[in-house]
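If you read the sequence from its start, that first residue is 1, and numbering goes on from there. No experiment lies behind these values; they were computed from the predicted model shown.
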Amino acid sequence: MALKTSFSPRQVTSRPFNGIAPRPTYRKIVRCQASASTTGTIGRRELLQAVSAATLLTATPALAAKTPKGFNAVEDLQDAYKFLYPFGWQEVAVQGADVVYKDIVEPLENVSVTITATDKKDITEFGDLQTVAETLAKDVLTAPGTDVKIVNANQRELKGHNYYEIEFTAANPRFTRHQLAVVVCNNGTFYTLTTGSNERR
């Protein structure tokens, strides 16, 4: 299997959020693309699960080697997060989000990270898994009047940090979006990674 990899560290200005002034941040994008002879298809559920594999930043000496084919990896060194997104998605500016990547053909397919200050040290301090899942899915991550259903919610621990993973659908008269969100707290910051696609896909 041939794997082409390129690194592109660049300075990005974070958008203002909740009165916090923008600041420069340094993000490393690792692009990995399989050669044409090895390109395969991946199901939408697997895609969403792979994209939602967000973790707090740790030492990553071989990030490119760990990136599955068909995906790019993003590491924000200043804000301390990393995640994967499918090859071909483009970065777009969205107010209130630290970063957003979306499919240029299917606009409902995207991934975003938001970061906000918090005095909590762990996600569990916000409440139990079900309470946080319901609150985030119904009151924060969807528009008012949306019919939200929690599909699944899990808690996991990685390197001393608790993560809440929430899978849910959000329906309105025009479409239903299937979404996954991962939330975690670290060093006074509340991280939310959200990804999704049209339910019919």
Side-chain angles (χ1 to χ4, degrees), residues 8-30 48-60 63 72-85 89-102 110-144 146 148 150 152-168 170 177 179-196:
S8 56
R10 58 188 169 132
Q11 183 174 351
V12 180
T13 302
S14 298
R15 271 72 65 192
F17 187 64
N18 285 351
I20 300 171
R23 64 186 196 273
T25 183
Y26 292 90
R27 190 171 296 133
K28 177 170 65 174
I29 300 176
V30 182
L48 293 177
Q49 288 172 335
V51 171
S52 71
T55 62
L56 294 173
L57 184 63
T58 56
T60 54
L63 181 63
N72 294 327
V74 173
E75 264 187 292
D76 189 312
L77 302 176
Q78 181 171 330
D79 291 326
Y81 64 79
K82 64 184 178 184
F83 65 93
L84 304 175
Y85 69 93
W89 285 16
Q90 310 240 333
E91 185 174 6
V92 295
V94 176
Q95 188 171 0
D98 196 60
V99 66
V100 179
Y101 286 88
K102 69 184 290 186
N110 56 55
V111 59
S112 66
V113 174
T114 59
I115 55 176
T116 54
T118 181
D119 58 356
K120 306 282 197 273
K121 295 187 186 209
D122 193 271
I123 192 67
T124 57
E125 295 178 40
F126 285 92
D128 64 84
L129 174 62
Q130 283 306 124
T131 302
V132 172
E134 294 279 341
T135 301
L136 282 175
K138 294 182 178 176
D139 301 333
V140 178
L141 301 176
T142 54
T146 306
V148 175
I150 305 293
N152 196 17
N154 294 302
Q155 179 177 344
R156 68 181 168 96
E157 188 270 338
L158 178 66
K159 297 185 179 179
H161 298 286
N162 286 301
Y163 293 77
Y164 284 172
E165 300 173 334
I166 308 151
E167 181 180 1
F168 62 98
R177 188 167 189 252
Q179 301 186 78
L180 290 174
V182 180
V183 291
V184 64
C185 292
N186 181 49
N187 292 332
T189 304
F190 182 89
Y191 295 84
T192 306
L193 178 140
T194 310
T195 187

Give every residue pair that meets the salt bridge (charged side-chain N to carboxylate O under 4.0 Å, His left out) criterion with at least one member in residues 120-139, sequence neighbours excluded. Glu134-Lys138

Using the side-chain contact (heavy atoms from CB on, under 4.5 Å) rule, pick out the option among Val140, Leu136, Leu141 that qualifies with Val183. Leu136

Over all heavy atoms of both residues, which pair between Ile150 and Ala137 is shortest? Give the atoms and the distance, please. CD1-CB, 3.6 Å

Calculate, to the nearest 0.5 Å, the distance between atoms CG and CG belonging to Asp98 and Asp76 respectively. 5.5 Å

List for me each residue that meets side-chain contact (heavy atoms from CB on, under 4.5 Å) alongside Ser112, sequence neighbours excluded, and say none if there are none. Val100, Thr194

Close side-chain approach of Trp89 to Lys102, heavy-atom, < 4.5 Å: no

Find out whether Thr142 and Gln179 are in side-chain contact, i.e. whether some heavy atom of one side chain is under 4.5 Å from a heavy atom of the other. yes

Judged by atom type as modelled, is there a donor-acceptor pair below 3.5 Å linking the side chain of Thr189 to the main-chain atoms of Thr116? no

The criterion is side-chain contact (heavy atoms from CB on, under 4.5 Å); which residues satisfy it with Val113, sequence neighbours excluded? Tyr81, Phe83, Val99, Ile115, Leu193

Tightest non-hydrogen contact, residues Gly96 and Thr114, listed as O-CG2, 3.4 Å

Below 6.0 angstrom between ring centroids: does that apply to Tyr164 and Phe126? no

Tell me the closest heavy-atom pair linking Tyr85 and Val74, and the distance in Å. CE2-CG2, 3.4 Å

Identify, with sequence neighbours excluded, every residue that meets side-chain hydrogen bond (donor to acceptor under 3.5 Å, both in side chains) alongside Gln155. Asn162

To the nearest 0.5 Å, how far apart are CD1 in Ile166 and CD in Gln130? 9.0 Å

Just wondering, do Asn186 and Val184 contact through their side chains at under 4.5 Å, heavy atoms? no

Which atom pair, heavy atoms only, marks the closest approach of His161 to Cys185? ND1-O, 3.7 Å

Does the pair Ile123 and Phe190 meet the rule for a side-chain contact (heavy atoms from CB on, under 4.5 Å), with working shown? CA-CA 8 Å; Ile123 192 67; Phe190 182 89; 3.2 Å; yes

